[in-house]
Amino acid sequence: MQEKPLSELIQQRIKKLENLKNLGIEPYNGVFEPSTSTEEIFQRYGGFNRDYFESENISVCIAGRVILFRDFGKTCFAHLQDFTGKIQIYFRKDILQDKFSLLKNLDIGDIVGVSGRLFRTKTDELTVEVQDFVFLSKSLRPLPEKWHGLKDIEARYRQRYVDLIVNPSVKETFIKRQKIIKYMREFLENEGFIEVETPMMHLIAGGARAKPFKTYHEALDMELYLRIAPELYLKRLLVGGFERVFEIGKNFRNEGISTKHNPEFTMIEFYVAYKDYHWLMSFTERLLSYIVEKLYGQFKVKFGDTLIDFTPPYKRITMYDALIQNGVPEEAIKDWDEAYKFAKDMGIEISKDSSLSRILDEIFKEKVEPKLIQPTFVIDYPVELSPLAKRKRENPELVERFELFIAGREIANAFSELNDPIDQKERFLKQLEERMKGDEEANEMDEDFIRALEIGMPPAAGEGIGVDRLVMILTDNQSIRDVILFPLLRPEQTK
RNA sequence: GGGCCGUUAGCUCAGCUGGUAGAGCAGCUGACUCUUAAUCAGCGGGUCGGAGGUUCGAAUCCUCCACGGCUCACCA
């Protein structure tokens, strides 16, 4: 935080704080027990007319932040905002008597508790006529302007607390985020899944292809990685006899930041014994449509200027067919030289060391991904892109894997889990070779995981869903930073 | 990391080919007992992101730096 001389505006507010203290009022020591919320007031009393309030004398106590203030001399109007909404409150000198003069020391942004009776104004607005009020927190720093609000994107992320006060849609997004996760958990629990917590600090960063963050444990004198995926631990639990498990939590990847990537992000991973990826696809359809239906009461969701339809079933297409349908010649799919040439012609930079699968993966990202707007399962990936997935029975060069794309974004990744310890060991060895060749993101050998597979893991299917990306789509936000309360930013400049 | 754009009052923004900074809101003083972006009268508020440079003169032109946005690269 920068230390510069307090601005005039802040000094004025400190003066008011002192005025209150001199009058024996401690604005930070107030206590107050609200009897209701603004939302509840509108729910219960929104339907009644003026005469009702004249005859019934409804008293309420509410607390919140003053976000608007209109001074008329012997009366004042203000808007009080609590978590659930806002309501107009009305101060009169003839009711408040001496206490009315305290309003001179009230600022927009202050948190107050008020008690009073409900009435309707001339213009029929439901309003609290304040009988008594108490300062609960004095705000020393001015809030942004009342109708343009806080627009500066940097300030919105750095001072999310202000963003949340003045931009109601931001709060909406994060409430929806919580609901999405709640419905997800609810669905899985109803399907017999057990929620677990596995380590976030790993000796070996496995289960995904990504660069990890490093950290250090002093007492044990050892380097650790923040996890890039919980996968290998969850599969150890399958070995241990958990047949349906899931974990919701943060993953950390030491990579670039973009509208689709935050270094720490939330994943859900779930595993089911005795099922395969076909079963998982329909399960995923049921899961997503359940969430969307709970959230919106229908299956269609507006995202940008498109309408995403979550009504099952979703389109399924193999990776190779998707490539061919998007103009990649068949020869390029089988032949390294053709693929290399095709990629080069498209302007994709490919190293000469890249394998055919990796080239195709690049072409896929460029040509196919952006076109997958409606929920689409892309299935059957080359084995070497998927070192933890089970081979297809009919074609051992492919694996039983799918990725789910929505709005051109990869939302989920799933496969029939490889449970053959010997094959798994060989794949790790292959990854190690790539690592030797300089591929920092290739998997490391995890001996203990192999040992677990040697004990015996049931056939199983597992899936990971990028929660932030799903929330983006379901809340119509174009940047991952808009669905993460405190996205990572460089430190603020000290002036 | 590359490219493009941005950074001016607490907030939202103007500021032309260089002539020494403006509005609205917020704030302060005053008026006003049903307002809705209340209104009316008056007042204060700026290291123009930072550092250099060009110039008689820089918010404006140039260079470097910082932070952010978009985008590319990167990204299981």
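So that the names make sense, note that chain A is the first sequence line, chain B the second, and so on, each numbered from 1. This is a predicted model, so every value here is computed, not measured.
Judged by distance alone, the side chains of A/R401 and A/N413 do bring a donor and an acceptor atom under 3.5 Å apart. A side-chain N or O of A/R70 and one of A/Q88 form a donor-acceptor pair less than 3.5 Å apart. Looking at A/D110 and A/S137, their side chains never bring a donor and an acceptor atom within 3.5 Å of each other. A/S357 and A/E384 share a side-chain donor-acceptor pair at under 3.5 Å.
Of the candidates B/rU12, B/rC32, B/rA76, B/rC32 carries the atom nearest the A/K74 side chain, counting heavy atoms from C-beta on. Distance from the side chain of A/T259 is smallest for B/rC70 among the nucleotides B/rC32, B/rA76, B/rC70. Nearest to the side chain of A/F77, among B/rG69, B/rU35, B/rC11, sits B/rU35. In this structure, the nucleotide among B/rA76, B/rU33, B/rG69 sitting nearest to the side chain of A/R481 is B/rG69. Here the nucleotide nearest the side chain of A/H148, chosen from B/rU12, B/rG27, B/rG69, is B/rU12. Taking only side-chain atoms of A/Y157, from C-beta outward, the nucleotide of B/rG69, B/rC25, B/rU35 with the closest atom is B/rG69. Proximity note for A/K151 (side chain, C-beta onward) versus B/rC13, B/rC28, B/rU35: the nearest is B/rC13. Closest to the side chain of A/R253, from the set B/rA76, B/rA38, B/rG69, is B/rA76. For A/E255, whose side chain is taken as the heavy atoms from C-beta onward, the closest listed nucleotide among B/rU12, B/rC75, B/rA76 is B/rC75. Here B/rA76 is the nucleotide among B/rA76, B/rG45, B/rC34 with the atom lying nearest to any side-chain atom of A/E441.
As a whole-Å value, the separation of A/I108 CD1 from B/rA37 P is 14 Å. When the P atom of B/rA76 is taken as reference, atom CZ of A/R469 falls 10 Å away, rounded to whole Å. Per the geometry, CZ belonging to A/R358 stands 9 Å off P belonging to B/rC75, to the nearest Å. In this structure, A/L150 places its CG atom 17 Å from P of B/rA26, rounding to the nearest Å. Following rounding to the nearest Å, A/K122 (NZ) and B/rA38 (P) show an atom-to-atom distance of 17 Å. Rounded to whole Å, the distance from CG on A/L103 to P on B/rU33 is 15 Å. For A/I411 and B/rA76, the CD1 to P distance is 15 Å, given to the nearest whole Å. Separating the CG atom of A/N443 from the P atom of B/rC75 is a distance of 14 Å, rounded to the nearest angstrom.
Residue contacts for A/K104: at a heavy-atom cut-off of 4.0 Å it reaches no nucleic acid atom on any strand shown. Counting non-hydrogen atoms under 4.0 angstrom, A/F415 reaches nothing in the nucleic acid. A/L489 comes within 4.0 angstrom of the backbone, heavy atoms only, and of no base. No contact: A/G464 has no heavy atom under 4.0 Å from any strand. Counting any heavy atom pair closer than 4.0 Å across all strands shown, A/E410 reaches sugar-phosphate atoms only and no base atom. Contacts of A/L68 with the nucleic acid, taken as non-hydrogen atoms under 4.0 Å apart, involve only primed sugar atoms and P, OP1 or OP2. Among the heavy atoms of the strands, none lies under 4.0 Å from A/S258. In this structure, A/D94 reaches the bases: a heavy-atom distance under 4.0 Å links it to at least one base atom across the strands shown.
For B/rC67, one of the phosphate oxygens OP1 or OP2 lies less than 4.0 angstrom from a side-chain nitrogen or oxygen of A/R490. Of the side-chain N and O atoms in A/R209, none sit less than 4.0 angstrom from OP1 or OP2 of B/rC75. Between B/rG68 and A/R156, no contact under 4.0 Å exists linking OP1 or OP2 to a side-chain N or O. Residue A/K146 places none of its side-chain N or O atoms closer than 4.0 Å to OP1 or OP2 of B/rG24. Of the side-chain N and O atoms in A/K93, none sit less than 4.0 angstrom from OP1 or OP2 of B/rC32. For A/R70, no side-chain nitrogen or oxygen approaches OP1 or OP2 of B/rU35 to under 4.0 Å. Phosphate proximity of B/rC28 to A/K15: absent, as no side-chain N or O sits under 4.0 Å from OP1 or OP2.
Side chain of A/R253 to main chain of A/I228: a donor-acceptor pair is present (N/O by atom type, distance under 3.5 Å, no hydrogens or angles).
Between A/R469 and A/E410 the shortest side-chain heavy-atom distance falls below 4.5 Å.
Taking the six-membered ring for Trp and thresholds of 30 and 60 degrees, A/Y90 and A/F119 have ring planes inclined between 30 and 60 degrees apart.
B/rC74 sits 10 Å from B/rG1 when the C1' atoms are compared, rounded to a whole Å. The separation of B/rA59 from B/rA66, taken at their P atoms, amounts to 23 Å, rounded to a whole angstrom. Across B/rC61 and B/rC48, the matching C1' atoms stand 16 Å from one another, rounded to whole Å. Taking atom P in both B/rC56 and B/rG45, one finds a spacing of 33 Å when rounded to whole Å. When the C1' atom is compared between B/rG24 and B/rA37, the two are found 11 Å apart, to the nearest whole Å. B/rA9 and B/rU55 have their P atoms separated by 30 Å, with the value rounded to a whole Å. As rounded to the nearest Å, B/rG69 and B/rC32 have P atoms that lie 50 Å from one another. Between B/rU54 and B/rU63, the distance separating the two P atoms is 15 Å to the nearest Å.
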Report the C-alpha separation of A/K93 and A/T75 in whole Å, then their side-chain angles, then the decisive distance to 0.1 Å, and conclude whether the side chain to side chain contact (heavy atoms under 4.5 Å, CB included) test is met.
-> CA-CA 6 Å; A/K93 188 169 186 186; A/T75 63; over 6 Å; no
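As the counterpart of B/rG46, no nucleotide is assigned, since no Watson-Crick or G-U wobble pattern has both distances under 3.5 Å. Searching all strands for a Watson-Crick or G-U wobble partner of B/rG30 with both distances below 3.5 Å returns B/rC40. B/rC13 is paired with B/rG22 under the Watson-Crick or G-U wobble criterion, all donor-acceptor distances under 3.5 Å. Base-pair partner of B/rA59: not found among the strands shown (Watson-Crick or G-U wobble, both distances under 3.5 Å). For B/rU7, the paired nucleotide is B/rA66, the pair qualifying as Watson-Crick or G-U wobble because both relevant distances are below 3.5 Å.
Of the two residues near RNA chain B, A/R92 and A/P142, the one whose nearest nucleotide lies more 5' is A/P142. The residue among A/E231 and A/T127 whose nearest nucleotide of RNA chain B is located toward the 5' end is A/T127.
Within the structure, side chain to side chain donor-acceptor pair (under 3.5 Å) contacts touching residues 359-374 of chain A (residues at least two apart or in different chains) are A/N326-A/K371.
To the nearest 0.5 Å, atoms OH (A/Y233) and CG (A/D448) are separated by 7.5 Å.
For B/rC75, the base has a donor-acceptor partner in the side chain of A/H261 [N/O atoms by modelled type, under 3.5 angstrom]. Between the side chain of A/E154 and the base of B/rU7 there is no donor-acceptor pair of N/O atoms closer than 3.5 Å.
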